[in-house]
Each structure stands twice: as structure tokens, then as C-alpha cells.
Amino acid sequence: MNVTITPVIDHESYNLNGHFVYKDTHGNWTCKTDLSDLELRMFKRYEKLVINNPAFKRHTKASYKTK
């Protein structure tokens with residue numbers, strides 16, 4: 001399965017395999033549809049490596065390939 005994360009608005013919203021993931025008013029990441037365990041794990045990885053990394057001025061698209 002492939003997981004693709006594309007920024008819509010940096011630090012606020014992202015497209016994850018067609019799912020719209022965004023920060024709610026309490027600062028939590030949320031999605032109106034259920035994400036698979038793999039999608040959740042890959043988004044957490046992306047958050048750690050890209051979103052929370054001050055070295056990134058603009059967030060990049062990321063694709064993860066899994067078996």
C-alpha cells in the first residue's frame with residue numbers, strides 16, 4: 001500500500017490518500033473519515049519529521065511505500 005501526504009496549508013491541513021486531515025480548534029489532528037492504522041502511523045512519522053521540524057520552511061509532499 002502507498003501512503004501519500006500532500007500539504008494543503010502548512011501546519012494546518014493535509015491531504016492523506018484523499019482524506020482531509022486538519023487541526024481542530026483544540027490543536028488536535030482530526031479527520032472526518034477513519035484512517036487505517038498504516039495511514040495513522042505514516043502521518044505521525046510525517047508530523048515528527050516534517051511538520052515539527054523548524055528546518056522546513058515549506059512542507060513537502062511525501063510518499064511512503066509499504067509491503
In this structure, CZ of Arg41 is separated from CG of Leu35 (nearest 0.5 Å) by 12.5 Å

Minimum heavy-atom separation for Thr4 to Ser63, with atom names?
OG1-OG, 3.6 Å

Using side-chain heavy atoms (C-beta onward) and a distance below 4.5 Å, is Arg58 in contact with Asp10?
yes

Could you check whether any side-chain heavy atom of Glu47 comes within less than 4.5 Å of a side-chain heavy atom of Asn52, counting everything from C-beta outward?
yes

Show, in sequence, the C-alpha distance, side-chain angles and deciding distance for Ile51 and Tyr46, and conclude whether the side chain to side chain contact (heavy atoms under 4.5 Å, CB included) test is met.
CA-CA 7 Å; Ile51 298 172; Tyr46 182 83; 3.8 Å; yes

Counting heavy atoms not belonging to Asp34, are there more than 12 under 6.0 Å from its CG?
no

Taking the six-membered ring for Trp, are Trp29 and Phe43 parallel (under 30°), tilted (30 to 60°) or perpendicular (over 60°)?
perpendicular

Would you say Tyr14 and His19 make side-chain contact, with heavy atoms under 4.5 Å?
no

For the NZ atom of Lys65 and the CG atom of Asn2, what is their distance to the nearest 0.5 Å?
6.0 Å

Do Ser13 and Phe20 have side chains that approach each other closer than 4.5 Å (heavy atoms only, starting at C-beta)?
yes

Between His11 and His59, is there a side-chain heavy-atom distance shorter than 4.5 Å?
yes

Hydrophobic cluster identity match, Val8 and Val21, side-chain contacts under 4.5 Å
no

Quick one: list whatever passes side-chain contact (heavy atoms from CB on, under 4.5 Å) with Val3, sequence neighbours left out.
Ile5, Leu16, Asn17, Leu38, Glu39, Met42, Tyr64

